[in-house]
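Scroll down for the structure; my scribbles are underneath it.
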Amino acid sequence: MRIIAKGTLRRFWAKHKDCEEQLKSWYSEVSKINWSNPNELKEEYPSASILEDNRIVFNIKGNNYRLIVKINYEYKIMWIRFIGTHGEYDKINADKI
């Protein structure tokens with residue numbers, strides 16, 4: 001998967017040092033995978049939540065942080081739509097962000 005944009009993750013872990021390694025690991029793993037559909041993604045990340053419009057929620061660092069991405073499976077592109085604390089996540093509409 002081509003992930004757009006790693007800079008969003010870098011800025012987040014600069015503020016939240018406790019999740020830097022987890023985000024780097026997630027980025028490294030996901031950038032090497034080419035899922036064709038949400039079912040394949042769930043095989044690799046069973047705790048991920050599938051939302052409307054090809055949005056996925058990943059739990060980072062034991063669910064302390066949430067990462068929302070939007071995926072175009074045909075073109076193997078993933079856009080980072082949101083990264084935040086669990087509390088910040090509760091304040092947004094994950095299906096629309």
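Side chains are part of it too, since the values below use all heavy atoms of this structure and drop only hydrogens, waters and symmetry mates.
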Margin query: Counting the benzene-type ring for Trp, do Y65 and F12 have ring centres under 6.0 Å apart?
Written below: yes
Margin query: Looking at every heavy atom in both R66 and V57, which two are closest together, and how far apart are they?
Written below: CD-CG1, 3.7 Å
Notebook entry, point to check: When you look at I60 and L23, which way does the side chain to side chain contact (heavy atoms under 4.5 Å, CB included) test go after all the steps?
Noted result: CA-CA 7 Å; I60 305 294; L23 287 171; 4.0 Å; yes
Note to self: Do Y89 and I68 have side chains that approach each other closer than 4.5 Å (heavy atoms only, starting at C-beta)?
What the structure shows: yes
Next item on the list: Please tell me if the side chains of T85 and H16 come closer than 4.5 Å, counting only heavy atoms from C-beta onward.
Entry: yes
Note to self: I want to check something: taking the side chain as every heavy atom from C-beta on, are R2 and K76 in contact at a cut-off of under 4.5 Å?
What the structure shows: no
Checklist line | 4.5 Å side-chain heavy-atom contact, F82 and T8 | finding: no
Next item on the list: With rounding to the nearest 0.5 Å, note down the distance linking CZ in R11 to CD1 in I83.
Entry: 12.0 Å
Notebook entry, point to check: So, N59 side chain and G62 main chain: donor-acceptor pair closer than 3.5 Å or not?
Noted result: no
Note to self: To check you understand the geometry: which heavy-atom pair defines the closest contact between Y73 and S36, and what is its length?
What the structure shows: CB-O, 3.4 Å
Notebook entry, point to check: Side-chain heavy atoms under 4.5 angstrom apart, residues restricted to Ile, Leu, Val, Met, Phe, Trp, Tyr: same cluster for I50 and I71?
Noted result: yes
Note to self: To check you understand the geometry: which heavy-atom pair defines the closest contact between A94 and L51, and what is its length?
What the structure shows: CB-CD1, 3.5 Å
Margin query: Can you confirm whether W35 sits close enough to M78 that some side-chain heavy atom of one is under 4.5 Å from a side-chain heavy atom of the other?
Written below: yes
Which pairs of donor and acceptor atoms, one on a side chain in residues 24-32, lie under 3.5 Å apart (sequence neighbours left out)?
| unit_1 | atom_1 | unit_2 | atom_2 | d |
| --- | --- | --- | --- | --- |
| K24 | NZ | E20 | OE2 | 2.8 |
| S25 | OG | E21 | O | 3.2 |
| E29 | OE1 | Y45 | OH | 2.5 |
| S31 | OG | Y27 | O | 3.0 |
| S31 | OG | S28 | O | 3.1 |

Item checked: Whether N54 side chain and N72 backbone form a donor-acceptor pair below 3.5 Å -> no
Next item on the list: For the residue pair D18 and K61, establish whether any side-chain heavy-atom pair is separated by less than 4.5 Å.
Entry: yes
Check: What heavy-atom pair brings N34 and M1 nearest, and what distance separates the two atoms?
Finding: OD1-N, 3.2 Å
Next item on the list: For D90, enumerate each residue passing the side chain to side chain contact (heavy atoms under 4.5 Å, CB included) test, keeping only those at least two apart in sequence or located in another chain.
Entry: H86
Margin query: Give me the atom names and distance for the closest heavy-atom approach of G84 to E88.
Written below: CA-OE1, 3.2 Å
Next item on the list: Would you mind telling me which of I77, I3, I56 makes a side-chain contact (heavy atoms from CB on, under 4.5 Å) with V69?
Entry: I56
Notebook entry, point to check: Hey, what do you get for CG (D95) to CG (N93), rounding to the nearest 0.5 Å?
Noted result: 5.5 Å
Notebook entry, point to check: Between L41 and F58, is a side chain to side chain contact (heavy atoms under 4.5 Å, CB included) present by the stated rule, with each step listed?
Noted result: CA-CA 11 Å; L41 184 149; F58 292 95; 4.1 Å; yes
Next item on the list: Locate the shortest heavy-atom distance separating I33 from E44; write the atom from each residue and the value.
Entry: CD1-OE1, 4.1 Å
Next item on the list: State whether D53 and K70 are salt-bridged, where the test is any N-O pair (Lys NZ or Arg NE/NH1/NH2 against Asp/Glu carboxylate O) under 4.0 Å.
Entry: yes
